[in-house]
Amino acid sequence: GPDSPRPRSGNAQAGAAGNNTLYNKISSSVGPGGPAPVRDMNGAWTAQTLSARAVDPVPAMTPLAMQRFNMNRSEAKFGIAKSNDPWKTCDPLGIPRGLVEETRGLAFAQMPGKIVTLHQYSRIWRDAWMDGRELPKGIDTKGGPPSLWYGYSVGHWEGDYTLVIDTVGADDRSWLDGAGHPHSVDAHVQERYTRVDRNHMDYSVTIDDPKMYAKPFVLGTNKYLYIPTQQTEEQFCIPSEALSYLDTIAIPSDISKVNQ
């Protein structure tokens with residue numbers, strides 16, 4: 001990139017091509033483990049890659065999306081010093097970006113009326129209500145609910161082995177991805193988790209945001225392994241470290257280039 005990338009998170013263990021070293025370490029020794037339990041995702045999982053694999057190209061953007069996209073300055077294009085990526089100062093990745101970046105660790109906990117998804121990065125938890133309620137409407141309008149960094153989620157089982165989580169109302173200050181593609185608060189984000197057997201799970205996330213994009217598209221896919229020890233890691237973006245990096249390395253480096 002235009003300047004040296006700062007460490008993205010604590011305990012970073014990225015292998016070649018963004019592979020997750022824990023997944024690589026255990027994948028050869030973890031077999032199917034028997035059939036998948038019925039309607040049960042409980043436990044801690046680790047992803048094959050640190051970011052989900054892109055599937056579909058980003059569709060044609062609406063004029064509103066183009067306007068927003070042109071205001072977003074990605075790290076890849078502008079370098080950290082000039083980027084306005086919200087992640088630069090450890091703002092929440094939000095939805096859907098938090099579903100496709102920093103995805104090394106994920107866990108599920110089934111509770112009365114809901115399934116809680118626990119994202120290892122920044123220790124985020126989200127409620128996916130399983131009690132049949134509908135998603136809210138009129139986000140950020142008079143009388144409607146406010147947008148939230150991680151939106152409002154409901155879930156349901158599709159058959160016995162696929163958990164589907166639908167989310168709307170995600171705060172539009174978050175980006176869709178590191179390139180700076182935008183989303184609206186009305187974007188409909190759908191996660192699909194399919195438990196192939198006891199120890200393997202397939203994952204995909206789809207975006208439907210007519211205000212921003214010409215058609216729905218798959219933002220990313222990944223594969224997960226059930227962690228035998230169920231031991232998770234601590235993984236944070238620390239604002240003081242991010243600001244220190246900007247002050248001591250990124251900004252001085254950018255200034256020296258300008259003065260050359």
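The figures that follow rest on heavy atoms only: side chains count, while hydrogens, waters and symmetry mates do not. Bear in mind the structure is a predicted one, so any value in this text is a computation, not a measurement.
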Sequence neighbours left out, cut at 3.5 Å: what donor-acceptor pairs do the side chains of residues 144-151 make with other protein atoms?
| from | atom 1 | to | atom 2 | distance (Å) |
| --- | --- | --- | --- | --- |
| Ser147 | OG | Asp140 | OD1 | 3.4 |
| Ser147 | OG | Asp140 | OD2 | 2.9 |
| Tyr150 | OH | Gly94 | N | 3.3 |

Side-chain donor/acceptor of Ser122 to backbone N/O of Ile124, under 3.5 Å: no
Any donor-acceptor pair under 3.5 Å linking the side chain of Asp127 with the backbone of Trp129? no
Taking the side chain as every heavy atom from C-beta outward, state whether Pro35 and Asp197 have any pair of such atoms under 4.5 Å apart. no
To the nearest 0.5 angstrom, please state how far the CG atom of Leu99 sits from the OG1 atom of Thr206. 11.0 Å
One should read off an interatomic distance between Leu118 CG and Arg126 CZ, to the nearest 0.5 angstrom, of 10.0 Å
So Glu102 and Leu50, do their side chains get closer than 4.5 Å, heavy atoms only? no
What do the steps show when you test Tyr224 against His200 for ring-ring contact (aromatic ring centres under 6.0 Å, His included), and what is the final call? CA-CA 6 Å; Tyr224 282 84; His200 294 81; over 10 Å; no
Would you indicate whether Gln230, at its atom CD, is surrounded by more than 12 heavy atoms from other residues, nucleotides or ligands within a distance under 6.0 Å? yes
Mind checking whether Trp45 and Tyr226 have parallel, tilted or perpendicular rings, split at 30° and 60°? perpendicular
So which atom in Gln235 and which in Gln120 form the shortest heavy-atom distance, rounded to 0.1 Å? OE1-NE2, 3.1 Å
Supply the atom-to-atom distance Asp56 CG to Lys215 NZ, rounded to the nearest 0.5 angstrom. 7.0 Å
Step-by-step side-chain contact (heavy atoms from CB on, under 4.5 Å) determination, Asp186 to Lys211: CA-CA 8 Å; Asp186 297 313; Lys211 287 185 177 179; 2.5 Å; yes
Is there side-chain contact between Gln110 and Asp40, with at least one heavy-atom pair below 4.5 Å? yes
Could you walk me through whether His181 and Met212 satisfy the side-chain contact (heavy atoms from CB on, under 4.5 Å) test, starting with their C-alpha distance in whole Å, then the side-chain angles of each, then the deciding distance to 0.1 Å, before giving a yes or no? CA-CA 9 Å; His181 291 103; Met212 296 290 176; over 6 Å; no
Main-chain N/O of Met66 paired with Asn70 side-chain donor or acceptor, under 3.5 Å: yes
Write down the atom of Ala214, the atom of Pro59, and the distance for their closest heavy-atom approach. N-CB, 4.3 Å
Exercise: identify the closest heavy-atom pair between His183 and Asp209: CA-OD2, 3.3 Å
Under 3.5 Å, is there a donor-acceptor pair between the side chain of Arg39 and the main chain of Trp157? no
Could you walk me through whether Glu101 and Ser51 satisfy the side-chain contact (heavy atoms from CB on, under 4.5 Å) test, starting with their C-alpha distance in whole Å, then the side-chain angles of each, then the deciding distance to 0.1 Å, before giving a yes or no? CA-CA 4 Å; Glu101 292 188 15; Ser51 293; 4.1 Å; yes
Whether Thr194 side chain and Thr162 backbone form a donor-acceptor pair below 3.5 Å: no
Heavy-atom distance under 4.5 Å between the side chains of Asp172 and Ser184, does that happen here? no
Quick check: is Ile165 connected to Leu176 through a chain of hydrophobic side chains (ILVMFWY, heavy atoms under 4.5 Å apart)? yes
For the residue pair Val30 and Pro228, what are the closest heavy atoms and their distance? CG2-CG, 3.8 Å
Roughly how far apart are Leu225 CG and Thr46 OG1, rounded to 0.5 Å? 7.5 Å
On a heavy-atom basis, which atom in Tyr152 and which in Leu135 lie closest, and how many Å separate them? O-CD2, 3.4 Å
Ignoring hydrogens and angles, state whether a donor on the side chain of Asp166 or Gln190 is under 3.5 Å from an acceptor on the partner side chain. yes
Passes ring-ring contact (aromatic ring centres under 6.0 Å, His included), Phe108 versus Tyr193? Steps please. CA-CA 11 Å; Phe108 298 89; Tyr193 301 92; 5.0 Å; yes
Minimal non-hydrogen separation, Ser83 against Phe78, with atom names: N-CB, 4.3 Å
Could you check if a side-chain atom of Asn222 sits within less than 4.5 angstrom of a side-chain atom of Thr49, using non-hydrogen atoms only? yes
Is the closest side-chain heavy-atom distance between Tyr23 and Thr21 below 4.5 Å? no
Would you kindly confirm whether Trp175 and Val189 end up in one hydrophobic cluster when ILVMFWY residues are joined by side chain heavy atoms under 4.5 Å apart? no
Contact check, side chains of Ser174 and Ile95, non-hydrogen atoms, under 4.5 Å: no
I'd like to know if the side chain of Arg195 reaches the main chain of Arg198, judged simply by a donor and an acceptor atom lying under 3.5 Å from each other, with no hydrogens or angles considered. yes
Look up atom CZ in Arg133 and atom NZ in Lys114, then write down how far apart they are to the nearest 0.5 Å. 9.0 Å
Hydrophobic cluster identity match, Leu219 and Tyr121, side-chain contacts under 4.5 Å: yes
Under a 4.5 Å cut-off applied to non-hydrogen side-chain atoms, are Asp202 and Thr221 in contact? no
Show your reasoning for whether side-chain contact (heavy atoms from CB on, under 4.5 Å) applies to Glu191 and Thr167. CA-CA 8 Å; Glu191 302 154 73; Thr167 301; 4.0 Å; yes
Under the 3.5 angstrom rule, does the side chain of Ser29 hit a backbone N or O of Ile26 as a donor-acceptor pair? yes
Hphob cluster co-occupancy, Met130 + Val164, side-chain heavy atoms under 4.5 angstrom: no
Say whether, by atom type as modelled, one donor and one acceptor occur between the side chain of Glu75 and the main chain of Gly178 under 3.5 angstrom. no
Test item: Lys82 side-chain N/O and Arg73 main-chain N/O as donor-acceptor pair under 3.5 Å: no
Could you walk me through whether Arg97 and Asp85 pass the salt bridge (Lys or Arg N to Asp or Glu O under 4.0 Å) check? CA-CA 12 Å; Arg97 191 175 178 185; Asp85 187 336; 2.7 Å; yes
In this structure, would Tyr213 and Val185 fall into the same cluster of hydrophobic residues linked by side-chain contacts under 4.5 Å? no
Without swapping roles, check the side chain of Asp177 against the backbone of Gly180 for a donor-acceptor pair under 3.5 Å. yes
